[in-house]
Amino acid sequence: MPKKNLALILNAHQVYFPLDDNPCNEGIVDFFRTISGTYIPLLNMFESLEKDEISYKISMVFSSSLCTMLADPVMQEKYIEWLDRRIAFGQTEVKRCADKPELLKTAKFFLDKSKRDKIDFTEKYEQNLLKYFAMYANKGYVELLATTATSLFLPYFADLTEAVNAQIETGLYAHKYFFGQSASGFWLPYLAYSNGLERNLRSYGIQYTILDSQSILFSETEPEKGLFGPARFYNSLAVFGRDSENQIKGEDSFIHDSVYCDCLKDAGFELSSEDLKAFLEPGASRQATGYCYWNNGSNNKSKESTEGFYNPEAAYSQAVADAKKFLNKKLVRLEKASKIITDSDVSLVCTYDAADIGTKWAEGVSWLEAVIRSCAEMEICVTSPQELLVSGVKLQKIVPYTSAAFGDGYGENFLDSSNSWMMLHIRKATERMMDLAERFPDDTGLKARLLNLGSRELFIAQSSEWARMIQEENNADYAKAIFKKCVVSFTMVFDSLGSNTVSTEWLTNLERKHSIFPWINYRIFSKKK
């Protein structure tokens, strides 16, 4: 009887926000909330599962920008300061809600969590979350996938081979730099694929990648296993199609159940400025506190009703129930597939944004743990794509279709009327960087520093997250500002090399401001010999 496998992949990504160059701290606050809502709870989940000897393996992708921010000592101290303000705010909330039993219970819940987060971060995990993710990877509970240097939508640069290689090579180096190990799998940003990218990946020894479901299902060669097993490119790069059924996003998903926490209805936006004094820094605008007293059903309740208040215990019970519903649907599909695919095991690869698990959905990590614990009862193996590549099993050769897990399947949202102007600038800068790498192949000293700075500024500007933020009107002004600054900085590097003059003060200040990729070597933009 074929085994039924479930591969769970969390994509942990964070837009790079230079702390000392951020006119809007909303992005930094979102980052801090993700530490408390997702990354610390995930590590605690791993600890709990290991203690109970639960057999599983989960996959995670950590972007270079996220790793840089998690490893930054200044950012770590700022996070602790944020937790201190959150704790102080919680203490005032307990007093404010003293005569409101329903609110008081929830205020104490969030206050206790804030205190635990501080203890976990400073004592249990030594302000070094990456070290402990690497530890669980070494123990075999987590598989870490590499990804590009920044979230560049690769199909738009597929004709610039050196630029694609630079993104991949820097991403692989960053992975080894932060985790001390090489990666077998590679995560394409937005699961965006176009013909030829498999050559770039395979040239760096990558064994497999993940593509959107329609890339597999619309393959020129009909995939024999559909989404229920791996296939391969002509060059032996293995490929998995992600499960097209996503039950935690969309209007009908169970993430919107009425008992779950309404994370958008945060006290930071609901209370008076006077009530927020303990949390907000002087002159700061309103921001999320992490104290959410209402559930998703609160908008349908009267103001006098207590049913609209968030109840953590009821939400946890619902998360466990939803985990079983989730698995029951997967099991039905896996059993149907196993009746057709009789010569090998069957599997489904489910991919999720880590921020959705725990931050946008406060109960997400509880749900994930319940999924993993329930799998053993249902005879489903929670494993990783790497372990699904059984040695000696021949994989069908297919020619995947150009596709992406963004927009309507082709990443067209990166090129609409709001952000298409960016492509002209970034393409030109990329071509110039490739030219500089060829013109200055062996330079050292000040010129090498200048070229490395240009590479770093280009990588930051290349991130398609800026275009996404503009298109979605999420911190759009900040996205425009940092994109323009990076392009201008790169242009100054280009002009300085042309005129053979440079301001060492300007160079040093910018090197200090953008600490990402400290090991950068501009020669990665050169043609491979």
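In this text the structure is predicted, and so the values were computed from the model without any measurement.
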### Query
In terms of heavy-atom contacts, does CD of Glu431 have more than 12 from other residues, nucleotides or ligands at under 6.0 Å?
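Check passes, neighbour count above 12.
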
#### Entry: Under the side chain to side chain donor-acceptor pair (under 3.5 Å) test, residues paired with Glu511 that sit two or more places apart
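Listed in chain order: Arg449.
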
As an exercise, state the distance from [atom1] of [X] to [atom2] of [Y], rounded to the nearest 0.5 Å.
X: Ile398; Y: Ile216; atom1: CD1; atom2: CD1; answer: 4.0 Å
X: Phe233; Y: Leu197; atom1: CZ; atom2: CG; answer: 8.5 Å
X: Phe490; Y: Ile460; atom1: CZ; atom2: CD1; answer: 13.0 Å
X: Met492; Y: Leu453; atom1: CE; atom2: CG; answer: 9.5 Å
X: Leu201; Y: Asn235; atom1: CG; atom2: CG; answer: 8.5 Å
X: Leu70; Y: Leu130; atom1: CG; atom2: CG; answer: 5.0 Å

### Message
For Arg333 and Glu245: C-alpha separation, side-chain torsions, deciding distance, then whether salt bridge (charged side-chain N to carboxylate O under 4.0 Å, His left out) applies.
### Response
CA-CA 11 Å; Arg333 296 176 64 202; Glu245 184 182 75; 3.6 Å; yes

### salt bridge (charged side-chain N to carboxylate O under 4.0 Å, His left out) partners for Lys339, two or more places apart
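Lys339: no salt bridge (charged side-chain N to carboxylate O under 4.0 Å, His left out) contacts found.
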
### Query
Tell me, which pairs form a salt bridge (Lys or Arg N to Asp or Glu O under 4.0 Å) where one or both residues lie in residues 470-483, sequence neighbours left out?
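Pairs touching residues 470-483 that pass the test: Arg468-Glu472.
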
Is the backbone of [Y] close enough, under 3.5 Å, to the side chain of [X] for a donor and an acceptor to pair up by distance?
X: Arg523; Y: Pro441; result: yes
X: Ser403; Y: Gly409; result: yes
X: Ser219; Y: Ser215; result: no
X: Thr38; Y: Ile357; result: yes
X: Asn419; Y: Asn413; result: yes
X: Asp353; Y: Asp356; result: no
X: Ser338; Y: Glu335; result: yes
X: Arg232; Y: Leu395; result: yes
X: Gln167; Y: Thr150; result: yes
X: Tyr522; Y: Phe440; result: yes

### Message
Using the ring centroid of each side chain, check whether Tyr79 and Phe31 are separated by less than 6.0 Å.
### Response
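Judged by ring-centre distance (under 6.0 Å), Tyr79 and Phe31 do not meet the cut-off.
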
### Residues Glu220, Tyr401; criterion side chain to side chain donor-acceptor pair (under 3.5 Å); working and verdict
CA-CA 7 Å; Glu220 290 184 17; Tyr401 187 69; over 6 Å; no

Give me the ring orientation class for [X] and [Y]: parallel if the planes are under 30° apart, tilted from 30 to 60°, perpendicular past 60°.
X: Phe153; Y: Tyr156; value: tilted
X: Phe525; Y: Phe459; value: tilted
X: His425; Y: Phe483; value: perpendicular
X: Trp519; Y: Tyr177; value: tilted
X: Trp466; Y: Phe17; value: perpendicular

Any side-chain heavy atom of [X] within less than 4.5 Å of one from [Y]?
X: Leu211; Y: Phe240; answer: no
X: Gln462; Y: Thr430; answer: yes
X: Met75; Y: Ile28; answer: yes
X: Val15; Y: Ser463; answer: no
X: Thr383; Y: Leu6; answer: no
X: Lys225; Y: Ser344; answer: yes
X: Pro385; Y: Ile9; answer: yes
X: Ile516; Y: Met69; answer: no

If you measure only the distance, is there a donor-acceptor pair under 3.5 Å linking the side chains of [X] and [Y]?
X: Glu465; Y: Tyr190; value: yes
X: Ser65; Y: Gln14; value: no
X: Glu169; Y: Tyr204; value: yes
X: Ser464; Y: Ser151; value: no
X: Lys4; Y: Ser347; value: no
X: Glu363; Y: Trp361; value: yes
X: Ser64; Y: Tyr16; value: no
X: Glu162; Y: Ser526; value: no

### Task
Please confirm whether Arg456 makes a cation-pi placement over Phe517, using NZ or CZ under 6.0 Å from the six-membered ring centre and within 45° of the ring normal.
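Pair Arg456/Phe517 does not count as cation-pi.
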
### Task
Quick one: do Asp30 and Arg33 satisfy salt bridge (charged side-chain N to carboxylate O under 4.0 Å, His left out)? Show the steps, please.
CA-CA 5 Å; Asp30 285 345; Arg33 290 179 62 210; 3.7 Å; yes

### Task
For a side-chain contact (heavy atoms from CB on, under 4.5 Å) with Ser244, tell me which candidate from Leu217, Leu348, Asp212, Leu227 qualifies.
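Exactly one option meets the side-chain contact (heavy atoms from CB on, under 4.5 Å) with Ser244, and it is Leu227.
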
### side chain to side chain contact (heavy atoms under 4.5 Å, CB included) between Lys527 and Met434, worked out
CA-CA 8 Å; Lys527 291 181 181 179; Met434 291 160 54; over 6 Å; no

### Message
Run Tyr141 and Phe46 through ring-ring contact (aromatic ring centres under 6.0 Å, His included) and show every step you take.
### Response
CA-CA 8 Å; Tyr141 294 110; Phe46 297 153; 8.0 Å; no

### Task
Could you give me the CA-CA distance, side-chain angles and deciding distance for Phe179 and Cys67, then say whether side chain to side chain contact (heavy atoms under 4.5 Å, CB included) is met?
CA-CA 10 Å; Phe179 297 108; Cys67 291; 3.9 Å; yes

### Query
Charged N to carboxylate O under 4.0 angstrom, Asp442 versus Lys447?
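No.
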
### Task
Determine, stepwise, if the pair Phe62 / Phe178 fulfils ring-ring contact (aromatic ring centres under 6.0 Å, His included).
CA-CA 10 Å; Phe62 284 89; Phe178 287 111; 9.7 Å; no

